[in-house]
Protein chains: 2
Amino acid sequence: MNIKDLTIEQLEEAANMLKAIAHPMRIAILNYLDDGKKLTVTEIHELLKIEQSTTSHHLGILKDKGVLSSKREGKNTYYFLKHANLSNIVNCVSKCTMG
Amino acid sequence: MNIKDLTIEQLEEAANMLKAIAHPMRIAILNYLDDGKKLTVTEIHELLKIEQSTTSHHLGILKDKGVLSSKREGKNTYYFLKHANLSNIVNCVSKCTMG
DNA sequence: ATAATATATTTATATATTTGCATTTGTCTA
DNA sequence: TAGACAAATGCAAATATATAAATATATTAT
């Protein structure tokens, strides 16, 4: 299938995925989750110095749109990239800002 | 410089770039502009079957955020990708929707 | 069962985005 | 210069998103 022949539904799915990533805090989250790393909500909340509820909200968006997966272990929930190649997107765009 | 050490300004710039791309119609536009293709506002407006002003608006966003460049030739304005590698982003995400 | 810790959800407010109509600006041709 | 065509802009209504405070839920340990 040619990439130009995406249906409106597929375009929307792609847009939702990118929209999920397209936020400063969520890009920062993805930068921390490269190389298969797994972090808890609290760890991210402390690393980014943003509210716990805001952190959970952002992680929920990334999970809902298929960017992250999560796994509960006891009291903690670990979040990690669903597809390793997704960090390429962040790398690509981030590098564009470092020129 | 490590990609993890992006400043808040750089994170915002990266987010703005992704936000510019993260829209169904704008992804469709980028899909038409691969391989160095150049299209006018009217051509895109007819291909996508959306209003001329809406088309121009989307193109303006993409240009403003550094995704596209434009070149006036007579009555027409041609739009094209500013950096060829940006279509990788669209390809990457689009492919995620074709699984 | 109760307390402590971690995460998620609800809610409200503020802010931003999308869209199309109407208008304006720019460019070419007669 | 007037008319036609192409593109851009101003505006307003509808819709979506971001944030944080408060609250709720889940899990573990005592």
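This is a predicted model, so every value here is computed, not measured. Note on naming: letters A, B, ... go to the chains in the order of the sequence lines (proteins, then strands), and numbering restarts at 1 for each one. What you see below is based on every heavy atom in this structure, not just the backbone, and it leaves out hydrogens, waters and symmetry mates.
Along DNA chain C, the nucleotide nearest Met25(B) and the nucleotide nearest Lys75(A) are compared for position; the residue whose nucleotide lies closer to the 5' end is Lys75(A).
The CD-C1' distance, from Glu12(B) to dA18(D), rounds to 13 Å in whole Å. Rounded to a whole Å, the CZ atom of Arg26(B) is 8 Å from the P atom of dT19(C). We find that OH of Tyr78(A) is positioned 11 Å from P of dA6(C), with the value rounded to whole Å. When the P atom of dA16(D) is taken as reference, atom CD1 of Ile61(A) falls 14 Å away, rounded to whole Å. Lys65(A) has its NZ atom 11 Å from the C1' atom of dA16(D), to the nearest Å. To the nearest angstrom, P of dT7(C) lies 16 Å from CG of Leu62(A). Counting to the nearest Å, the C1' atom of dT18(C) and the CD1 atom of Ile29(B) are 13 Å from each other. Across the protein-nucleic acid pair, Ile8(A) atom CD1 and dT18(C) atom P stand 14 Å apart, rounded to whole Å.
Rounded to the nearest 0.5 Å, atoms CD1 (Ile27(B)) and CG (Leu6(A)) are 8.5 Å apart. Atoms OG1 and CE, on Thr55(B) and Met25(B) in that order, are 9.5 Å from each other to the nearest 0.5 Å. Interatomic distance, Ile50(B) CD1 to Ser56(B) OG, rounded to the nearest 0.5 Å: 10.5 Å. To the nearest 0.5 Å, atom CG of residue Leu81(B) and atom CG of residue Asn85(B) are 9.0 Å apart. Taking CG of Leu86(B) as the start and CD1 of Ile21(B) as the end, the distance is 5.5 Å to the nearest 0.5 Å.
Asn76(A) has no side-chain polar atom (N or O) that falls below the 4.0 Å cut-off from OP1 or OP2 of dT5(C). For His23(B), no side-chain nitrogen or oxygen approaches OP1 or OP2 of dA16(D) to under 4.0 Å. At dA8(D), none of the side-chain N or O atoms of His58(B) fall inside 4.0 Å of OP1 or OP2 (strictly under the cut-off).
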Check nucleotides 8-13 of chain C against the protein and report each pair of N or O atoms closer than 3.5 Å, with its distance, or say if there are none.
unit_1: dA8(C); atom_1: OP1; unit_2: Tyr79(A); atom_2: OH; d: 2.8
unit_1: dA8(C); atom_1: OP2; unit_2: Ser56(A); atom_2: OG; d: 3.2
unit_1: dA8(C); atom_1: OP2; unit_2: Tyr79(A); atom_2: OH; d: 3.3
unit_1: dA8(C); atom_1: N7; unit_2: Gln52(A); atom_2: NE2; d: 3.0
unit_1: dA8(C); atom_1: N6; unit_2: Gln52(A); atom_2: OE1; d: 3.1

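Sorted by first then second residue, the side-chain hydrogen bond (donor to acceptor under 3.5 Å, both in side chains) pairs that include residues 14-25 of chain A, not counting sequence neighbours, number zero.
Among the nucleotides dT19(C), dA18(D), dA21(D), the one closest to any side-chain atom of Glu51(A) is dA21(D).
With sequence neighbours excluded, the residues that form a salt bridge (Lys or Arg N to Asp or Glu O under 4.0 Å) with Lys71(A) are Glu73(A).
No contact: Thr55(A) has no heavy atom under 4.0 Å from any strand.
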